[in-house]
Protein chains: 2
Amino acid sequence: MRQDSRLSRMLHVLIHMGHHDGAMTSEMIAKMLDTNPVVIRRTMAGLREKGYVTSEKGHGGGWTLARPLDELTLLDIYRAVGEPSVFAVGPAYDMPGCVIEQAVNATLKDVFAEAEQLLLQRFAGVTLAEIARDFSRPTRPDNAGESECQDGNPDDLLA
Amino acid sequence: MRQDSRLSRMLHVLIHMGHHDGAMTSEMIAKMLDTNPVVIRRTMAGLREKGYVTSEKGHGGGWTLARPLDELTLLDIYRAVGEPSVFAVGPAYDMPGCVIEQAVNATLKDVFAEAEQLLLQRFAGVTLAEIARDFSRPTRPDNAGESECQDGNPDDLLA
DNA sequence: AAATCATGTAACTTATGTTGTGACGAATCT
DNA sequence: AGATTCGTCACAACATAAGTTACATGATTT
């Protein structure tokens, strides 16, 4: 099943913002994530509602981080993007009449709840600042493309 | 995001089969799950490939459990239905060039892997027989509809 | 005041995967 | 032979994130 990438993308954006002086426009961000400015505004809206970022219209406007990266956890961002359902599998019905299906659902519910709790605990324990510090652990063995992504203004690169 | 209910449904079916003498037709099963016989055959095919059930064509044919419920775990069934991706959220790209996104993905990958490992461990530790024994823990407080679901032959009810 | 820039938002399309459905062939039993 | 039942293909239905277009609103610059 296709996966929801809003959490991953917002983390990416926010860390960039933490390394960026001044506001970033939706268009800059969209280029970084290889997507559309509207998608950015749509997703960032959740962060704005939580007070994690602010947005300004007009000349020199754009998005600004409203608190430092070490005061934002994965859990904060997860909740800000709508707290989507973590699991792609689940019961067919919530309240079946059949006692067998009730037992199945109860068991699955327990197991999934435990895994979700662990996940959210871990989310709560990781700040964006810690991820940003984690550049020493690249996913790829080769060093090709080991740089921050472009945002249209190469001057803004910090790596 | 809509959830994959194949695991839950197959658990439901298999436990019914464990309580049922003789073969069950796809049509009977479909009525129990309030769905279509083709969906049943499609999903049960995975179980047959693993050797957990057998199917017979023609008169008196249908599906039969090939091993007792206490020799089947949630993990077995999960894998038999295609081992679908557990999580509904994930990274936008697997191999981004940007080091920031790499760090984000690495962090998320770790956390999700830990949660998935826990989940699968729990799956491996629960047999279908244990779920079947678990009828004493109903999800609903009221007792309305506290019976096995119909399969067209009320005689077959065991509750 | 006008032009420009940038967000805000609605509406529509696209993409992906499960589920639902109809049709038809193959195998098995009576 | 006829009825039953699985096996499978093909396609529609549905849900949701993502992509896109269009236009209104507000802020800054000139």
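Below, read A as the first sequence line, B as the second, and so on, with proteins coming before strands; counting in each chain starts at 1. No experiment lies behind these values; they were computed from the predicted model shown.
Ion pairing between A/E71 and A/R67 fails under the 4.0 Å rule for side-chain N and carboxylate O.
In the set C/dT28, C/dG8, D/dA18, D/dA18 carries the atom at the smallest distance from any side-chain atom of A/D4. Of the candidates D/dC9, C/dG8, C/dA10, C/dA10 carries the atom nearest the A/V38 side chain, counting heavy atoms from C-beta on. Ranking D/dG19, D/dT8, C/dA6 by closeness to the B/R48 side chain, first place goes to D/dT8.
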Practice prompt. Before giving the answer on side chain to side chain contact (heavy atoms under 4.5 Å, CB included), spell out for A/F87 and B/D4 the whole-Å C-alpha distance, their side-chain angles and the decisive distance to 0.1 Å.
Written response: CA-CA 9 Å; A/F87 299 106; B/D4 183 337; over 6 Å; no
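Contact annotation: B/R42 side-chain N/O to D/dC6 OP1/OP2 distance is not under 4.0 Å. Using a 4.0 Å cut-off, some side-chain N or O of A/R9 falls inside it from OP1 or OP2 of D/dG19. For D/dG7, neither phosphate oxygen OP1 nor OP2 lies less than 4.0 angstrom from any side-chain nitrogen or oxygen of B/R41. Under 4.0 angstrom from either OP1 or OP2 of C/dT18 there lies no side-chain N or O belonging to B/S5. Look at A/S26 and you'll find a side-chain N or O under 4.0 angstrom from OP1 or OP2 of C/dT7.
Judged by distance alone, with hydrogens and angles left aside, B/R6 brings no side-chain donor or acceptor close enough to the base of C/dG17 to form a pair under 3.5 Å.
Looking at A/V39, A/L33, A/D34 one by one, the single match for side chain to side chain contact (heavy atoms under 4.5 Å, CB included) with A/N36 turns out to be A/V39.
Between A/M10 atom CE and D/dA17 atom C1' the separation is 13 Å, expressed in whole Å.
Nucleotides of DNA chain D nearest to A/V39 and B/G60 differ in position, and the one nearer the 5' end is that of B/G60. Checking A/G58 against B/P37, the closest nucleotide of DNA chain D that is more toward the 5' end is the one next to B/P37. The residue among A/H59 and A/S55 whose nearest nucleotide of DNA chain C lies closer to the 5′ end is A/H59.
Shortest non-hydrogen contact noted between A/L69 and A/L14 is CD2-O, 3.5 Å.
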